[in-house]
Peer 1: 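Let me begin by handing over the structure; questions about it come next.
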2 protein chains.
Amino acid sequence: MTGLRERKKQRTRDALIRAAHELFITQGYEATTVDQIAEAVEVSQRTFFRYFTNKEEVALFVQGMVTGRFQEAFRTRPIDEHPMESLRHTLDATWDGLSLAIGEIVPLELHMKMWQVIEMTPALVTANLRLSLVMEEKLAMEIARRTGVDIDRDPRPRVLVAAFAGVMSAAGRQVGLCGDASLETARRVTNAYVDHLGPALSADWSRDHGSCTV
Amino acid sequence: MTGLRERKKQRTRDALIRAAHELFITQGYEATTVDQIAEAVEVSQRTFFRYFTNKEEVALFVQGMVTGRFQEAFRTRPIDEHPMESLRHTLDATWDGLSLAIGEIVPLELHMKMWQVIEMTPALVTANLRLSLVMEEKLAMEIARRTGVDIDRDPRPRVLVAAFAGVMSAAGRQVGLCGDASLETARRVTNAYVDHLGPALSADWSRDHGSCTV
DNA sequence: TTGTCAATTGTCAGTCGCTGACATTACTCT
DNA sequence: AGAGTAATGTCAGCGACTGACAATTGACAA
């Protein structure tokens, strides 16, 4: 099945990702040149660009895997569940399977450090948002399908997903910038953010809703 | 007061923006080179980069003005208003003053066409999201100030703003891609999206909430 | 095993976005 | 009118990215 050719490709791709991660983490994203990454894996720059369409892609590859997983997991939720509930549960499931999902490519610790680099680097922050966009559209379509609404007439699927994704991005930003690169913190802050969506919209904004110290 | 120097600078800057808009709209963003823009205004490429830090900036300059206006307008809302209400009213006010605000730089029609170009161009979509990010943070700070909550302990300001901004972006995407570049459509769709945030989160997703045909 | 085919890679040249350095021009103000 | 400063042009160069073509290397049949 998996010929030598395929395995070799897989190996260089993974090597490129790991080398890129290490360089980005130690030197920063902007200060790292594509030539350096290619050189670290002993391939030509041209080969790098045959594996990744641009420098951002190698930095966000793992993130892309995670959001891909998220989408898949979302579709397995019971169909009678409220979409927001489905999103919440899918989020939990994604956290649970994170290490397993990405472990073969990059150790969890490296991924968490890379997360910080991403949030520190404007170019990567926005490239990351583009990933969310793609996911948003897919999730909205899936929700529309499940709830039987016409996505071109009823804005609710896109609105719900947009709100969710917006809050997730904001949470991710906080996590990446807070200095604590532990999975637990990431999960706690993200959950807290999503949980506060209802209260934030509710009429009563009076007293403290705290308890989300980074 | 306004010496010849200042006026001249203003004029070349505006000329660059307008030339860029026309080129982007007719040829597309990627296909337009910075040299072309500079040449159209008869300045050197180097001068272009003294007015705008990069090619994206000239494309999103007007958008930046609008979001800047939005932030300012937000602060004039009564302090006892619910933040979401303030955002909604500020949105209305921004629509009302749009033509007046940008008219001196670029005619409204050009701006609306540019909007389509932006949503069609991945690089600009993401650069646009970066603008939103900056605004998000400022709005969240302002909301925290007004409501007297500690932004580092209570996630609600950031969550509320993130949800709002996410929905706005989604609406903007729909508007930009729907083919209809009229102000009325833009305003209608945007309002519809924001208005559906509550219903989308409510427990009852049963029947049609439509009426937002593009 | 060997030879053919196709996939992968390297090399090279070139475009485009963008920047620093320095000389040149153009306004301002006395 | 002339000194001083701000704006601009020119040039050289870096890094991301691409197309074209040649060289290498697995795959697979004879």
Peer 1: Dump every N/O contact between nucleotides 1-3 of chain C and the protein below 3.5 Å, one line per pair.
Peer 2:
none

Peer 1: Applying salt bridge (charged side-chain N to carboxylate O under 4.0 Å, His left out) to A:Glu137 and A:Arg158, what does each step give before you reach the verdict?
Peer 2: CA-CA 7 Å; A:Glu137 186 62 17; A:Arg158 285 205 176 92; 2.9 Å; yes
Peer 1: With a sphere of 6.0 Å drawn around CD of B:Glu39, does it hold more than 12 non-hydrogen atoms of other residues, nucleotides or ligands?
Peer 2: no
Peer 1: Taking atom types as modelled, is there a side-chain donor on A:Thr53 or A:Glu57 under 3.5 Å from an acceptor on the other?
Peer 2: yes
Peer 1: So if I take residues 116-129 of chain A and measure heavy-atom distances to DNA chain C, which residues fall below 4.0 Å?
Peer 2: none
Peer 1: Round to the nearest Å and state the distance from B:Phe49 atom CZ to C:dG17 atom P.
Peer 2: 7 Å
Peer 1: Surrounding CG of A:Leu100 (heavy atoms of other residues, nucleotides or ligands, distance under 6.0 Å), is the total greater than 12?
Peer 2: no
Peer 1: What are the bounds, 5' to 3', of the part of DNA chain D that sits under 4.0 Å from heavy atoms of chain B?
Peer 2: D:dT5 to D:dT10
Peer 1: Sequence neighbours left out, cut at 3.5 Å: what donor-acceptor pairs do the side chains of residues 14-24 of chain A make with other protein atoms?
Peer 2:
residue : atom : partner  : partner atom : Å
A:Arg18 : NH1  : A:Ile105 : O            : 2.6
A:His21 : ND1  : A:Ile17  : O            : 2.9

Peer 1: Nearest-Å distance, CZ (B:Phe52) to C1' (C:dC18)?
Peer 2: 15 Å
Peer 1: Kindly indicate, with the supporting measurements, whether the criterion salt bridge (charged side-chain N to carboxylate O under 4.0 Å, His left out) is fulfilled by A:Glu184 and A:Arg187.
Peer 2: CA-CA 5 Å; A:Glu184 293 72 37; A:Arg187 188 165 184 163; over 6 Å; no
Peer 1: With a 3.5 Å distance limit and no angle check, can you tell me whether A:Gln45 reaches the backbone of A:Val34 through a side-chain donor-acceptor pair?
Peer 2: no
Peer 1: Does anything in residues 26-39 of chain B reach DNA chain C, meaning a heavy atom under 4.0 Å, and if so which residues?
Peer 2: B:Thr32, B:Thr33, B:Val34
Peer 1: Does the side chain of B:Lys55 come within less than 4.5 Å of B:Thr33's, by heavy atoms?
Peer 2: no
Peer 1: Pick out the pairs of N or O atoms, protein on one side and nucleotides 7-11 of chain C on the other, that lie under 3.5 Å.
Peer 2:
residue : atom : partner : partner atom : Å
C:dA7   : O4'  : A:Arg5  : NH1          : 3.4
C:dA7   : N3   : A:Arg5  : NH2          : 3.4
C:dT8   : OP1  : A:Lys9  : NZ           : 2.9
C:dT9   : OP1  : A:Tyr51 : OH           : 2.9
C:dT9   : OP2  : A:Tyr51 : OH           : 3.3
C:dG10  : OP2  : A:Ser44 : N            : 3.0
C:dG10  : OP2  : A:Ser44 : OG           : 2.9
C:dG10  : OP2  : A:Thr47 : OG1          : 2.2
C:dG10  : N7   : A:Arg50 : NH1          : 3.3
C:dG10  : O6   : A:Arg50 : NH2          : 2.6

Peer 1: For A:Gln36, does the CD atom have more than 12 heavy-atom neighbours from other residues, nucleotides or ligands under 6.0 Å away?
Peer 2: yes
Peer 1: Between atom CG of A:Leu160 and atom OG of A:Ser86, what is the distance when rounded to the nearest 0.5 Å?
Peer 2: 9.5 Å
Peer 1: Kindly give the heavy-atom pair with the smallest separation between B:Arg156 and B:Val149, and that separation in Å.
Peer 2: NH2-CG1, 4.0 Å
Peer 1: Evaluate the criterion salt bridge (charged side-chain N to carboxylate O under 4.0 Å, His left out) for residue pair B:Arg145 and B:Glu142; output intermediate values, then yes/no.
Peer 2: CA-CA 5 Å; B:Arg145 195 182 65 73; B:Glu142 175 68 10; 3.0 Å; yes
Peer 1: Could you check whether A:Arg146 makes a cation-pi contact with A:Phe74, meaning its NZ or CZ is under 6.0 Å from the centre of the six-membered ring and within 45° of the ring axis?
Peer 2: yes
Peer 1: Counting only heavy atoms not in B:Arg69, do more than 12 fall under 6.0 Å of its CZ?
Peer 2: no
Peer 1: Does B:Arg130 come within less than 4.0 Å of B:Glu56, counting only side-chain N to carboxylate O?
Peer 2: yes
